[in-house]
Amino acid sequence: MEYRRCGDSGLILPCISLGGWHNFEHLDKAKELILAAFENGITHIDLANNYGPPPGIAETQVGRILEADLNHHRDELIISTKAGYRMWEGPYGEWGSRKYLLASLDQSLKRLGLDYVDIFYSHRYDPDTPLEETMGALETAVRSGKALYAAISNYPEKAVRKAAKIMREARVPLLAHQCSYNMLNRTIENGVLQQSARRGMGMVVFSPLAQGLLTDRYLEGIPQDSRAAGNSPFLTEERLSKKALNRIRKLNELASERGQTLARLALQWVLRYQEVSTVLIGASRTEQILDNLGILKDPPLDNEFCLRLDSILEA
């Protein structure tokens with residue numbers, strides 16, 4: 001495993017981490033995935049309060065696995081969780097108030113069976129709550145010992161600058177900024193990536209495979225059993241247009257030239273920035289984790305090859 005320093009902190013993260021967004025609802029499967037990941041050097045498990053379905057089940061399952069199988073390895077693991085999206089009914093069940101964030105963290109710790117999480121994120125920027133309040137809740141989480149590090153996710157560029165300043169002055173600097181980033185979604189290159197890095201934060205990337213588009217699953221069109229064939233809000237008709245699928249096929253051809261799967265090329269491409277501390281992968285099978293780890297032995301991407309990639313991505 002390759003480990004990377006997370007921003008200006010003393011923490012290092014595996015370049016590939018395991019995310020629990022949609023794949024931990026069944027205990028036996030979650031256990032298989034988590035143990036396979038850990039045995040191969042993936043020491044970071046990324047969660048959120050509402051990961052499921054149903055919301056909260058991912059944390060509950062990880063808590064059971066930690067107790068039964070990884071109890072003696074707690075200090076070898078990084079467990080992160082988040083709060084920001086809707087978790088419970090009523091006016092206090094989402095966004096960025098102090099009330100919601102700290103109540104959610106307490107609930108997450110109960111589900112996980114832990115005294116603390118390593119990283120606690122504000123999951124999204126709240127335009128209606130003063131940023132000082134949201135950051136103050138993160139500061140309290142760290143000072144209380146319920147989280148070792150504070151972090152943010154999905155924050156716009158201007159809010160990144162202000163949040164980092166507030167936390168730096170509070171002497172609880174933000175560890176990381178978690179954002180979506182992949183070959184088909186490069187919006188963070190327009191300022192967020194640079195602003196986060198300048199302020200000492202490592203980038204934690206989710207959706208590096210664009211919800212599965214950057215795999216071999218869609219090369220021949222849309223499978224009937226895929227999320228795209230259903231009502232996924234992420235895999236829209238625009239993202240699955242004939243033009244988009246043709247681009248994906250061309251990327252797959254380049255990956256084949258290197259003896260890679262498209263998924264491995266996509267992961268390598270994201271990790272070409274040293275500012276990216278880790279990429280979060282989801283998996284439904286152990287084989288997917290092992291294939292993704294193949295990037296550790298793949299040759300690096302040179303400038304000429306990246307130019308060929310850009311010519312496809314910008315066409």
Side-chain angles (χ1 to χ4, degrees), residues 1-21 37 41-48 76-84 116-125 131 134-135 138-139 141-142 147-182 185-209 266-282 292-293 295-296 300-301:
M1 177 56 66
E2 173 193 343
Y3 294 88
R4 294 185 173 192
R5 188 165 299 279
C6 192
D8 291 343
S9 77
L11 186 68
I12 59 172
L13 296 174
C15 66
I16 294 178
S17 299
L18 186 62
W21 182 17
I42 297 177
T43 54
H44 176 210
I45 302 171
D46 181 76
L47 303 163
E76 300 170 54
L77 287 164
I78 300 295
I79 307 294
S80 62
T81 197
K82 317 176 195 72
Y116 71 93
V117 291
D118 297 277
I119 308 169
F120 182 52
Y121 287 88
S122 166
H123 204 170
R124 62 171 167 171
Y125 172 64
L131 203 50
T134 301
M135 294 301 105
L138 294 184
E139 179 191 354
V142 173
L148 301 187
Y149 298 92
I152 56 176
S153 178
N154 300 311
Y155 270 51
E157 182 181 353
K158 184 176 179 180
V160 170
R161 295 197 298 267
K162 185 175 180 181
K165 182 175 185 293
I166 292 169
M167 295 299 279
R168 188 170 58 249
E169 291 175 351
R171 299 184 182 277
V172 183
L174 291 170
L175 172 79
H177 189 188
Q178 186 173 139
C179 295
S180 174
Y181 182 48
N182 56 64
N185 174 17
R186 304 176 67 172
T187 55
I188 69 167
E189 293 178 0
N190 298 324
V192 168
L193 175 66
Q194 296 82 355
Q195 291 293 347
S196 301
R198 285 174 192 161
R199 282 153 181 81
M201 286 178 264
M203 293 301 302
V204 175
V205 169
F206 67 90
S207 292
L209 305 183
L267 292 173
Q268 257 197 313
W269 184 88
V270 169
L271 286 164
R272 77 197 190 284
Y273 279 119
Q274 281 303 309
E275 292 88 348
V276 175
S277 301
T278 188
V279 295
L280 304 175
I281 62 167
N292 290 338
L293 289 171
I295 67 167
L296 300 173
L301 300 177

Q: Can you find a heavy atom in the side chain of Cys179 that is under 4.5 Å from one in the side chain of Val192?
A: yes
Q: Sub-3.5 Å donor-acceptor pair from the side chain of Arg161 to the main-chain atoms of Lys165, do we have one?
A: no
Q: Could you tell me whether the side chain of Leu271 reaches within less than 4.5 Å of the side chain of Glu2, counting heavy atoms only?
A: no
Q: Quick check for you: to the nearest 0.5 Å, what is the distance between Gln178 atom CD and Thr278 atom OG1?
A: 9.5 Å
Q: If I compare all heavy atoms of Ile188 with all of Gln194, which pair ends up nearest, and what's the gap?
A: O-OE1, 3.8 Å
Q: Roughly how far apart are Ile119 CD1 and Asp46 CG, rounded to 0.5 Å?
A: 7.5 Å
Q: Would you give the length of the straight line joining atom CG of Leu13 to atom CD1 of Ile42, rounded to the nearest 0.5 angstrom?
A: 12.0 Å
Q: Side chain to side chain contact (heavy atoms under 4.5 Å, CB included) for Arg199 and Leu174? Distances and angles first, verdict last.
A: CA-CA 8 Å; Arg199 282 153 181 81; Leu174 291 170; over 6 Å; no
Q: Identify the heavy atoms of Ala176 and Ala151 that sit nearest to each other, and give their distance.
A: O-CB, 3.3 Å
Q: So, taking the atom named OG in Ser122 and the one named NE2 in His177, what distance separates them when rounded to the nearest 0.5 Å?
A: 9.0 Å
Q: Give, for atom OG of Ser277 and atom CG of Leu11, the distance between the pair rounded to the nearest 0.5 Å.
A: 8.5 Å
Q: Within the 4.5 Å heavy-atom criterion, are Val117 and Leu47 side-chain neighbours or not?
A: no
Q: Are Tyr125 and Ile152 side-chain neighbours, meaning at least one heavy-atom pair lies under 4.5 Å?
A: no
Q: Say you draw a straight line from CG of Leu175 to CE of Met167; how long is it, rounded to the nearest 0.5 Å?
A: 10.5 Å
Q: Taking the side chain from Asp118 and the backbone from Ser80, do they hold a donor-acceptor pair closer than 3.5 Å?
A: no
Q: Hey, mind stepping through Leu131 and Tyr155 against side chain to side chain contact (heavy atoms under 4.5 Å, CB included) and telling me if it holds?
A: CA-CA 11 Å; Leu131 203 50; Tyr155 270 51; 3.8 Å; yes
Q: What pairs with Arg168 under salt bridge (Lys or Arg N to Asp or Glu O under 4.0 Å), at least two apart in sequence or on another chain?
A: none
Q: Would you check if Cys15 and Leu267 make a side-chain contact, meaning some heavy-atom pair closer than 4.5 Å?
A: no
Q: Identify the heavy atoms of Met1 and Gly41 that sit nearest to each other, and give their distance.
A: CG-O, 3.5 Å
Q: Indicate the atoms forming the closest heavy-atom contact of Arg124 with Gly84, along with that distance.
A: NE-O, 3.0 Å
Q: Side-chain contact test, heavy atoms from C-beta onward, threshold under 4.5 Å: evaluate it for Thr43 versus Tyr3 and give yes or no.
A: yes
Q: Out of Leu209, Ile16, Asn292, Asn182, which one pairs with Val279 under the side chain to side chain contact (heavy atoms under 4.5 Å, CB included) rule?
A: Ile16
Q: Quick one: closest heavy-atom pair of Tyr149 and Ser9, and the distance?
A: CE2-CB, 4.5 Å
Q: Quick one: closest heavy-atom pair of Leu138 and Phe120, and the distance?
A: CD2-CD2, 3.7 Å
Q: Check this for me, if you would: do Glu157 and Arg198 make a salt bridge, where the nitrogen-to-carboxylate-oxygen distance has to be below 4.0 angstrom?
A: no
Q: Are Tyr181 and Tyr273 side-chain neighbours, meaning at least one heavy-atom pair lies under 4.5 Å?
A: yes
Q: Is the shortest side-chain heavy-atom distance between Tyr121 and Asn154 below 4.5 Å?
A: no
